[in-house]
Amino acid sequence: MHRREVLRTAALAGVAGLFGSRGGAAVEAEIELRPESPGATIDPHVYGHFIEHLGGVIYDGIWVGRDSKIANIQGLRRSFVDDMKRIGAPNLRWPGGCFADGYHWRTGIGPAARRTRTYNYWEAQMPKGTNATETNEFGTHEFMALCRLVGAEPYLAANVGSATPQEFYDWVGYCNAPAGSLSLADERAANGDREPFNVRFWGVGNESWGCGGNMKPEEYATEYRKFIAQVPAYTKPFLVAVGPRGHSLDMDMGWTTGFFEGLRGARGRIPDGYALHYYTDFRPTPVKAETVANAAEWYAVLHKGALMDQVIERHWEAMGKVDREHRSKFVIDEWGNWYNASSRPLEPRYLLSQWMTLRDALHAAMTFDIFHRHAEKIAMANIAQTINCLHSLFLAQGDRYVRTPVYHVFEMYRGHMSGRVVPMTVKAESMQVPLLEGTGRMASVAGSASLKEGVLTVSLTNPGDAAMPVRLRFDGAKKPAEARASTLTHESRGAANTFESPEEVRPAALKADVSAGAVSLLLPKQSATVITVRMA
Ligand code: AHR
């Protein structure tokens with residue numbers, strides 16, 4: 001479909017006439033920035049990760065074993081560790097996911113040869129002839145070693161569905177009790193780590209409305225209150241309660257209302273974090289990960305991804321009815337694209353592994369921009385899942401390893417971490433786009449901006465099929481002195497990086513002109529662009 005076939009409507013009354021036509025040098029989008037009025041800080045934990053004992057995420061993806069021929073550090077895939085360091089991965093959520101509510105942490109400690117084999121929740125979905133039996137080779141100590149090597153904070157999901165509060169407290173004690181204090185600390189030392197892990201982030205269950213216990217919201221509220229009653233406080237815990245399945249049709253508003261109502265009167269028991277799961281879920285449709293067959297498939301995914309904005313708004317409002325001061329912040333600890341059972345980039349036993357294309361990179365970029373615009377509401381977010389799974393940054397099988405286009409978005413957007421959000425107004429026509437059924441409207445250019453140490457980072461996405469001339473204008477006395485830009489795009493919407501062609505989709509420098517106090521550039525079609533501006 002050509003751009004001109006896309007119906008366009010004026011997004012902002014009265015501004016349409018400001019803009020020239022597409023194709024010439026005329027500006028089609030004006031971005032007004034107010035760097036002298038920065039708002040909330042973007043928590044670096046928004047760029048967090050999620051890894052689960054599922055298919056090839058842990059085994060082979062991350063853990064290759066100490067005796068492996070594959071380059072490794074203490075059994076951990078070296079290229080993965082290096083790349084996670086490179087993007088400054090701030091945290092890792094583990095061990096699940098659905099796996100977490102069947103996981104008993106004691107099975108994963110002690111001498112490797114003595115660890116038992118246990119059942120894995122994902123067994124039922126494994127292809128014929130394969131199994132998901134958990135060997136427990138990768139347990140608490142191996143996970144902590146990974147976090148240390150990467151420089152990431154651990155975020156542990158405790159078992160609420162099939163364990164007791166005592167089991168949870170013992171895991172906290174095992175991880176955090178000072179050396180020589182509890183017997184649990186002695187046991188940790190005997191297993192190789194004398195010093196405590198000082199784990200701050202604890203998830204109290206996972207999807208307790210589903211695989212984590214099939215509970216009703218009021219039942220989970222009762223469990224939550226019980227589970228947090230005696231959490232050892234060696235390291236002040238940041239407790240995360242299970243939140244809704246935001247990608248269901250009704251956004252699962254009943255869960256949020258029911259859970260927070262269930263906390264009424266429980267003084268001081270409001271969770272620090274409230275988990276929100278939002279998958280751009282295309283499982284019931286013919287949309288596959290590895291092909292972007294037409295414009296409708298391209299826009300449908302991006303359009304649905306952008307609903308994250310409303311999901312955040314609506315649940316935030318519902319939470320505020322009980323948590324009036326908004327002490328609880330979102331921990332969006334599972335987000336990403338989930339396609340119809342596609343052809344797998346890896347063998348079928350790498351359950352849920354998907355191809356990642358340019359479309360998924362753009363989706364990630366748009367999602368980060370939404371997170372930034374809601375920075376005051378979000379304490380953390382974790383892409384699902386980092387390697388060999390749904391919205392992955394990496395694919396690995398044996399000695400083959402590749403960064404997907406999604407990796408590059410994490411790398412390009414790093415400048416936003418810990419920046420203060422800069423108010424931004426986009427003046428551009430919105431566009432009406434084809435979807436799987438009918439049409440819908442979406443922004444023709446969207447983005448966010450943040451300021452850190454005098455440097456402004458502006459990220460912009462252009463999902464359309466024509467280049468978009470944009471001009472950044474700056475309110476206030478400070479004006480841009482210098483600007484650099486890089487962009488991620490490809491001629492083909494379905495372009496991917498493969499083991500054979502690992503550099504097919506990668507960022508390239510983009511020209512950014514600074515003149516008369518403004519920055520002008522031409523956003524390529526179907527692109528994500530980051531502009532770094534040094535203010536005078
Ligand atoms: O990320 C895959 C699965 O999706 C997780 O295990 C579960 O929490 C969610 O339903």
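Whatever order the structure lists them in is the order used to number ligands and atoms, beginning at 1. What you see is a predicted model, and the numbers here were worked out from it, not measured in a lab.
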Are more than 12 heavy atoms, taken from residues, nucleotides or ligands other than E123, located less than 6.0 Å from that residue's CD atom? yes

Quick check: do H391 and V406 have side-chain heavy atoms less than 4.5 Å from each other? yes

In ligand 1, the atoms that come under 4.0 Å of a heavy atom of E207 are 7 (C), 8 (O), 9 (C), 10 (O)

Looking only at protein heavy atoms, which one is nearest to atom 7 (C) of ligand 1, and how far off is it? E334 OE1, 3.4 Å

H53 versus N120, side-chain donor and acceptor atoms under 3.5 Å: no

Report yes or no: does a heavy atom of Y279 sit under 4.0 Å from some atom of ligand 1? yes

Sub-4.0 Å heavy-atom approach of W335 to ligand 1: no

Number the atoms of ligand 1 from 1 as they appear, then name those within less than 4.0 Å of a heavy atom of N206, with their elements. 8 (O)

Please identify which atoms of ligand 1 are closer than 4.0 Å to at least one heavy atom of F50. 1 (O)

Heavy-atom check, side chain of M412 versus side chain of L488, under 4.5 Å: yes

Heavy-atom nearest neighbour in the protein, as seen from atom 6 (O) of ligand 1, with distance rounded to 0.1 Å: E52 OE1, 2.7 Å

Between F499 and L395 the two heavy atoms that sit nearest each other are CE2-O, 3.6 Å

Should the pair R314-E317 be classified as a salt bridge under the 4.0 Å nitrogen-to-oxygen rule? no

Please confirm whether W338 comes under 4.0 Å of ligand 1, counting heavy atoms of the residue only. yes

